[in-house]
Number of protein chains: 2
Amino acid sequence: MPPAKPAFSAIAPEAGGMPLYRSAKRALLQQIESGAVPPGEALPSEAVLACAFGISVGTLRHAVDELVAEHILVRRQGRGTFVATHGADRFLFQFFHVERSDGLREVPAVELLSFERGRLDDEAIASSLGLKPGAPVFQFNNRLVLQGRPVVHDHITLPAALFKGLSDKRLRERPGTIYQLYQSEFGITVVRAQERARAVPCDRGSARVLGLAPGTPVMQVQRTALTFGDRPVEARVSTIHTGVHEYVHTLQRPA
Amino acid sequence: MPPAKPAFSAIAPEAGGMPLYRSAKRALLQQIESGAVPPGEALPSEAVLACAFGISVGTLRHAVDELVAEHILVRRQGRGTFVATHGADRFLFQFFHVERSDGLREVPAVELLSFERGRLDDEAIASSLGLKPGAPVFQFNNRLVLQGRPVVHDHITLPAALFKGLSDKRLRERPGTIYQLYQSEFGITVVRAQERARAVPCDRGSARVLGLAPGTPVMQVQRTALTFGDRPVEARVSTIHTGVHEYVHTLQRPA
DNA sequence: TAGTGGTCTAGACCACCTG
DNA sequence: AGGTGGTCTAGACCACTAC
């Protein structure tokens with residue numbers, strides 16, 4: 001069954017104790033998650049939505065405000081409110097934190113080094129994805145190149161159940177970023193991620209990928225990428241050569 | 001002159017093209033920065049403020065909403081709206097990102113290892129603080145201990161002009177976190193920070209502090225802490241032993 | 001010109017906290 | 001009981017975009 005046509009029905013008043021704007025937010029999220037309003041598409045206008053939900057425009061705006069703050073919706077004055085897409089811009093500012101020491105940022109060039117379908121044997125990855133060891137997964141390795149230098153080695157694990165039909169060909173021939181592929185080809189929108197970083201001596205595999213001597217200190221970042229409802233969809237181990245480039249982090253949003 | 005009494009006067013309508021709620025936000029920020037409403041104190045009620053500014057309550061709330069999102073104000077239902085303070089809680093969740101691999105977080109025990117007043121000679125630190133090389137600064141070293149293990153070596157540089165009268169005694173005898181000291185003793189509120197991380201071989205100094213063999217891979221995090229208006233107030237180099245502990249980072253706020 | 005989101009108003013009632 | 005912030009309404013006008 002293809003995605004159902006959007007259906008914004010009146011909000012059930014029996015929602016116990018929950019403020020109306022929360023109910024409206026949940027209803028909007030549900031329609032977005034279900035694919036009834038695909039990424040890039042415009043929602044009905046605020047007036048129409050408020051009427052459909054049986055609430056005032058101000059209350060609806062409160063709900064939309066929160067979804068905009070979470071980068072799930074994007075408002076464009078005079079045009080409408082749109083479901084967010086994974087453009088290269090968003091990827092760069094929200095999910096890619098490596099830049100040159102002088103602050104230069106660019107979209108990395110990606111090379112697919114290996115690709116295989118197999119069964120999950122790493123227990124840490126299994127638990128971060130909420131899977132049992134032995135679950136079918138795709139695993140592949142990428143080399144990310146910035147300013148002509150290999151800087152990041154990514155080892156990525158995806159639950160096979162969520163990415164049916166993924167192949168090295170589709171990965172190689174994708175037009176944009178990996179998260180754009182997840183979204184456009186598999187209907188999976190990454191909305192959030194958690195990362196844990198360590199400094200480790202570079203192992204032989206990453207040393208070859210990055211052109212380093214084994215044992216060189218590198219940053220190892222374990223990322224779990226999450227979709228709506230904090231459901232994990234990707235486990236990634238990034239090995240970063242921080243000679244010329246650095247891992248950047250701003251604590252609290254810029255005003 | 002001690003901090004002026006709070007003066008919330010009508011918003012100048014000649015503020016060119018700026019929305020009223022932005023003007024209100026600036027006016028609130030100005031009163032907070034100037035110390036007219038010290039950290040921990042309550043603002044006048046929304047009704048009073050709106051009346052003083054000559055705007056409606058809804059518009060005032062819009063301004064306050066943004067300051068709450070930036071952790072500059074805190075709302076407490078039934079009590080009032082307060083200027084944020086640097087409690088240990090806030091420090092832990094906003095500025096301290098080291099936790100044990102299993103997720104255990106705790107407030108670190110801090111030991112002051114050295115303290116001196118001198119002149120700035122590091123050019124990178126000078127530029128991050130917006131100072132000229134040779135400017136007078138305080139520099140000191142801390143060891144942070146978690147679960148009985150030395151985990152972080154901090155090297156901190158403060159502009160002497162902003163921290164007049166700082167001494168090793170006052171640092172050692174402070175009751176709470178360092179940022180609480182900045183706020184309560186020097187009127188400096190850290191609202192934001194930028195960090196750049198690298199993996200490096202541990203140098204001799206940090207190796208001694210952390211009880212490691214020199215050359216062990218460690219994370220080196222350079223932080224610039226900022227106050228209102230993005231003015232830099234602290235430069236810090238943290239050297240982190242990521243054997244048992246990790247550096248944690250969540251991309252985008254939890255819903 | 002018509003439709004969208006952006007700003008703003010002037011109320012209302014509720015939930016919570018303090019006295 | 002009285003004051004606070006939290007929610008909600010039903011309008012208004014403006015700025016921007018598309019056609």
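Every chain is numbered from 1 and lettered A, B, ... according to where its sequence line falls, protein lines coming before strand lines.
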K.L.:
How long is the line joining CZ of A:Arg75 and P of D:dA15, in whole Å?
P.N.:
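Interatomic distance, CZ of A:Arg75 to P of D:dA15: 18 Å.
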K.L.:
Side chain of B:Ile55: nearest nucleotide among C:dT9, C:dG6, D:dG5?
P.N.:
C:dT9
K.L.:
Distance check needed: D:dT9 P versus A:Glu46 CD, whole Å only.
P.N.:
14 Å
K.L.:
Does a side-chain N or O from A:Ser45 land closer than 4.0 Å to OP1 or OP2 of C:dT4, or not?
P.N.:
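Answer is yes, contact under 4.0 Å.
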K.L.:
When the nearest nucleotide of DNA chain D is assigned to A:Gly58 and to A:Gly78 on a heavy-atom basis, which residue is associated with the more 5' position?
P.N.:
A:Gly58
K.L.:
Taking CG from B:Leu73 and P from D:dG5, how many angstroms apart are they, rounded to a whole number?
P.N.:
11 Å
K.L.:
Within the structure, does a side-chain N or O atom of A:Thr59 lie under 4.0 Å from either OP1 or OP2 of D:dC8?
P.N.:
no
K.L.:
Does A:Arg79 place a side-chain N or O at less than 4.0 Å from the phosphate oxygens OP1/OP2 of D:dA18?
P.N.:
yes
K.L.:
Measure the shortest side-chain to side-chain distance between A:Phe8 and A:Val37 over non-hydrogen atoms and say whether it is less than 4.5 angstrom.
P.N.:
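With C-beta onward as the side chain, the pair touches.
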K.L.:
What about the rings of B:Phe138 and B:Phe163, do their centers lie closer together than 6.0 Å?
P.N.:
no
K.L.:
Rounded to the Å, how far apart are A:Leu20 CG and D:dA10 C1'?
P.N.:
15 Å
K.L.:
Among the nucleotides D:dT9, D:dG5, C:dT7, which one has an atom lying closest to any side-chain atom of B:Gln77?
P.N.:
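Side chain of B:Gln77 sits closest to D:dG5.
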K.L.:
By the 4.0 Å heavy-atom rule, please label A:Arg61 as base, sugar-phosphate, or nothing.
P.N.:
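Touches a base.
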K.L.:
Run through B:His249, B:Arg223, B:Arg236, B:Gln222 and flag the one making a side-chain hydrogen bond (donor to acceptor under 3.5 Å, both in side chains) with B:Glu195.
P.N.:
B:Arg223
K.L.:
Mind calculating the distance between NE2 (A:His62) and P (C:dT7) to the nearest angstrom?
P.N.:
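Distance, rounded to whole Å: 15 Å.
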K.L.:
Can you tell me if the side-chain N/O atoms of B:Thr81 get under 4.0 Å from OP1 or OP2 in D:dG5?
P.N.:
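The answer is yes; a side-chain N or O of B:Thr81 sits under 4.0 Å from OP1 or OP2.
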K.L.:
Taking atom types as modelled, is there a side-chain donor on B:Thr250 or A:Gln194 under 3.5 Å from an acceptor on the other?
P.N.:
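Not at all, the side chains of B:Thr250 and A:Gln194 share no donor-acceptor pair under 3.5 Å.
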K.L.:
In whole angstrom, give the distance that lies between atom CG of A:Leu60 and atom P of D:dG11.
P.N.:
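A:Leu60 atom CG is separated from D:dG11 atom P by 17 Å.
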K.L.:
Counting neighbours of CZ on B:Arg26 that are heavy atoms of other residues, nucleotides or ligands and sit closer than 6.0 Å, is the number greater than 12?
P.N.:
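Incorrect, the count does not exceed 12.
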K.L.:
Using OP1 and OP2 only, check whether a side-chain N or O of A:Arg76 sits under 4.0 Å from C:dG5.
P.N.:
no
K.L.:
Rounding to a whole Å, what distance do you find between B:Asp65:CG and C:dC8:P?
P.N.:
13 Å
K.L.:
In whole Å, I'd like the distance from the CG atom of B:Leu67 to the P atom of D:dG5.
P.N.:
14 Å
